[in-house]
Amino acid sequence: MAASSETMLKKPHVGKKRKPPTRYWERTEEDGKNDGKKQKEGDNNEQTPQQNNTRTKKGGKRGGKRGGAGKKVISGKSDPFPGSAPVPEEKLKKFRRGVKGELPPRPQYKLRDVVIRSEAASDLAQKQNARYDLMLPEDAGFLEGDEDEDTCTISQDDIVDAVDITAGAKYFNLTLSQFGPYRLDYSKTGRHLLLGGRRGHVTCLDWQSKQLMCEMNVMETVNDVKWLHSEALFAVAQKKWLYIYDNKGIELHCIRKFNDVLRMQFLPYHFLLATASATGFLQYLDVSVGKEVVAICTKAGRLDVMAHNPHNAIIHLGHSNGTVTLWTPNQREPLVKMLCHQGGVRSVAVDKTGTYMVTSGMDKKLKVYDIRAYRPLQSYFLPAGASCLSLSQRGLLSAATGDIVQVYRDVWGIPVTKPYMAHRAKGSVWGVHFCPFEDVLGVGHGEGFTSMVVPGAGEPNFDGLDANPYRSAKQRQEWEVKALLEKIQPELIGLDPSQLSQVDHSTWEQRHEDRVQVLGFDPLAKEKFTPRLKTKGRSSSGKVEKRKKQVAHEDQRDVIRQTVEDRMKIDKERKEKEKKKAAAAGQKSALDRFRK
Amino acid sequence: QHLPALTALSPFPEFPYFIHIHAMKVKVLSRNPDDYVRETKLDIQRVPRNYDPSLHPFEVPREYTRALNATKLERVFAKPFLASLDGHRDGVNCMAKHPKSLSTMLSGSCDGEVVWNLTKRECVRTLQAHEGFVRGMVVRFCGTSFFTVGDDKTIKQWKMETPGYGEEEEPLNTILGKSVFTSIDHHQKEGVFVTCGQQVDIWDEQRSSPIRSFSWGVDSFSCVRFNPVETELLASCASDRSIVLYDMREATPLKKVIMNMRSNTLCWNPMEAYNFTCSNEDYNLYTYDMRYLDKPFTVHMDHVSAVLDVDYSPTGKEFVSASFDKTIRIFPKDSGHSREVYHTKRMQHVISIKWSSDNKYILSASDEMNIRLWKANAAEKLGLLAPREKAAVNYSQKLKEKFQHHPQIRRISHHRHLPKSIYSQTKELRVMKEARRRKERNVRKHSKPGSMPVVTEKEKHVVTVVK
């Protein structure tokens, strides 16, 4: 096609000289000619001059660059993009699992073969995934201000004016001043909203179509509300006990083993409801069978700060002495105890990948930790301190200070100085929650509920088999069965969820011991030196001992010689490497003059 | 300590009164439901995928759970027994596969012989071939006729087709030999067959006397087999505990290996021309490389009584063995222990075994006059699979393979219920073996170093190789 368009160019158009836009694979006329000559020299015995000419005109620069593997087709043209399209490196990186190990040595050819094959398969899978990722239909939202305009000054009304009606309808207020303040929770698909007012008002609704599913007053204090695995069931932590309701508002269970619950977290892949109570108990309820898995007495007083790590299902509890503790159902002691704040911890949030933890405390600080290394990354000072924190799927942080909700972007990167967005709610904020797969932040406050539009908060492309906001009842049922079948047992919760796939390296000693026991002898044992019995009176016990010692010394000397040689070799290599590095660096520093 | 203070933004005094015409750029996620919901009820549901690993947490524990479930289901669905073909009036002594038709199978009993149709599970034809035992039978490579040998010292060739109405059931050919024949096998491509008895005879179909006879100081052979790949090679088991190899083109045998105990039968690997497996009286099977006969390269243990017959799968990856202990075991060709054991209450000593040419079924003939049809893969679903079913089976297979060494999965996948006699015998054998090993260890400990060399299990069973 390119060739034909350029041949057209040669013909003079009447009065008009319009060039088609140059494509990046097309080259300038001169370039092409030069290249054509070169090619002519290269393979003149194969190609007729005519063919050469056509090549000159449309000769693919990229084709040439990529090994010149441009296959010729019958028509004489060559493919300007030979081979498969390249996949961007960062996309590949996203789908990389683990690191490639070294191949086993040649003698273990069977194992080597297996490793080579499986690595080829995983490479292929990685590449295919990355390719598929390029074709995902939706792009994430964003908000960019004018020059020298802060995005935090843009009000919700302005955003609603600027976007389409369906997106604009996601900003709304529910005025519920009677029974507030409200706690809230979004279901896993982001489709359903559950609100629980402090004075007993519990309601759940499909917030996008604004359809009310149920509304009731439990006539008791409500401490927290939580959806269970699907939108058919939810848990309400009331004044005394924990209750389970269905989406019609019918009370299904009153669980008396769980008393004085203040905060709840649901672990969707384990079907576990973790609760933290005023009496200092952390309890786990298996909602698939309705049994208590474990009740752990944390001995840390009233537990009203709780978060869970979506990456490894570990529960984070914040305490009034400024520590954050990490818990699994398998251990009665905390896995980790971190001193995060001076003064009590007010709120904790963990990001989706399990890398960062954000905490806020009574000392009015907002801190970001790397929880893989337990290392503080950033520390910010907020004049009013943040009472509630929430992290979105794409890493936006919302912090509520009094009645103002601020949203920050990239708190773990370069220190931020200004929020990304801000919004003043009508009452003091009691709970914030980002809606999954939507650019929406739900804010529960004293005067009701506000759904706020935060561009760029939600993951744009959901996975239909995992959490599908548009699923039908039938799809939900099938998903439920599948999810229950692959429910992860609570025993598998640990700091590293991928540990199951790693090789259990029992120590060499252990394996050796087993081998000795099976074989009945030690195959690696060295024969002990027993000196030959010399007759004619020279073999007194003292002399025998002396000869033994001599041999032992010689053995030892061999070992020492070997290690010294090895060390020398390593030292030499290191020195050479350093020398090379210095030579590569080339420049002398000012301090080099003092070096001899 | 330096803290980046956020003072500039905390309260917004002018925030509610902020009036400004924004020239901002904004995009908010707004999906069109039409892209995600099916148009009509006749369509299939749309399932958009996103393979981002961060959207799929707990990858490994979930896979592990799936693998565990798959392993349990495999055990639940493991129902290998398909059918029992009864009709013989005496113990079944030998069987033969049809090379061209999967559904046809021949069996010879101690008093006559029968042709079976497997798909209908019924007997198609019965004929009185020999007086006394039918010792061996083989179908010609073209599938049009078959040969039988019996205790009445005759070799008979029969037509595969059922004789028409009024025709008499008569052999095409009858050869009267000098002694009893114990086994017969046919060449893969030519009209040549081999029998064994007091010696190994190679016959041309056109002649009534053998074109070649081999004997090597032994008076009795129990089994002889042509190599299916290197078609001129033969192997036979002799009663002097030896396995003898021959080349049909040469006048003398190639070499032989003498073992501790007698081998009953042998079978060549149909994919690896130089490998064969023999079933031995000492409860084991041995896989040999015919180039290096000084020790077998695998010893297959698990049977608790003499192994009577062995047959390879057409893929050459596994073989099945029949034993006097009333069980059938399936071994991977390079593993020392069986992956599967089949038994029923009524099955007695299994005399003959065949793996069907489509790699899916196993046929066993036993003492109590029955032939049994088994699945080669106990949990396999028979019949046509939908593509999604096939994909699911492949996926769970891969998962099982990935997590096979995890203790829980290993325990479930290896568990087999065994009849009490076999269970206790296995235990007894284990104790005996352990005692022997302990004794050897003690003897070694108390004898002169080097005088009691360590002999590996593979070396133990071979006496010598003669060329």
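Below, chains carry the letters A, B, ... as their sequence lines are ordered, and counting in each starts from 1.
Residue A:L500 touches chain B through both its backbone and its side chain, counting heavy-atom pairs closer than 4.5 Å. With a threshold of 4.5 angstrom between heavy atoms, A:S498 approaches chain B through its backbone and through its side chain. With a threshold of 4.5 angstrom between heavy atoms, A:P310 approaches chain B through N, CA, C or O but not through any side-chain atom. For B:V37, the part lying near chain A is the side chain, with the backbone staying farther off; criterion is any non-hydrogen pair under 4.5 Å. Only the side chain of A:K352 has a heavy atom closer than 4.5 Å to any heavy atom of chain B. With a 4.5 Å cut-off on non-hydrogen atoms, B:R441 touches chain A through its side chain but not through its backbone. The contact between A:Y269 and chain B is made entirely by side chain atoms (from C-beta outward), counting heavy-atom distances below 4.5 Å. Only the side chain of A:L492 comes within less than 4.5 Å of a heavy atom in chain B; its backbone stays farther off.
With chain A as the partner, the residue from B:E434, B:R31, B:R66 showing the most heavy-atom pairs under 4.5 Å is B:R31. Of the listed residues B:L68, B:V454, B:D52, the one with more heavy-atom pairs under 4.5 angstrom with chain A than any other is B:D52. The candidate with the highest count of non-hydrogen atom pairs below 4.5 Å against chain A, out of B:F403, B:F58, B:Y51, is B:F58. Counting heavy-atom pairs closer than 4.5 Å to chain A, the top-ranked of the candidates B:H406, B:R46, B:R62, B:E63 is B:R62. With chain A as partner, the option from B:L29, B:T65, B:D35 having the largest number of non-hydrogen pairs under 4.5 angstrom is B:L29.
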Show the numbers, then the answer: is there a side-chain hydrogen bond (donor to acceptor under 3.5 Å, both in side chains) between B:Y64 and A:E486? CA-CA 9 Å; B:Y64 172 77; A:E486 57 194 50; over 6 Å; no

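Residues B:T298 and B:D334 have side chains that never bring a donor and an acceptor to within less than 3.5 angstrom of each other.
With a 6.0 Å radius and a threshold of 12 heavy atoms from other residues, nucleotides or ligands, B:R291 has its CZ atom above the threshold.
Classification of the B:Y36-A:Y470 ring pair by plane angle, with boundaries at 30° and 60°, yields parallel.
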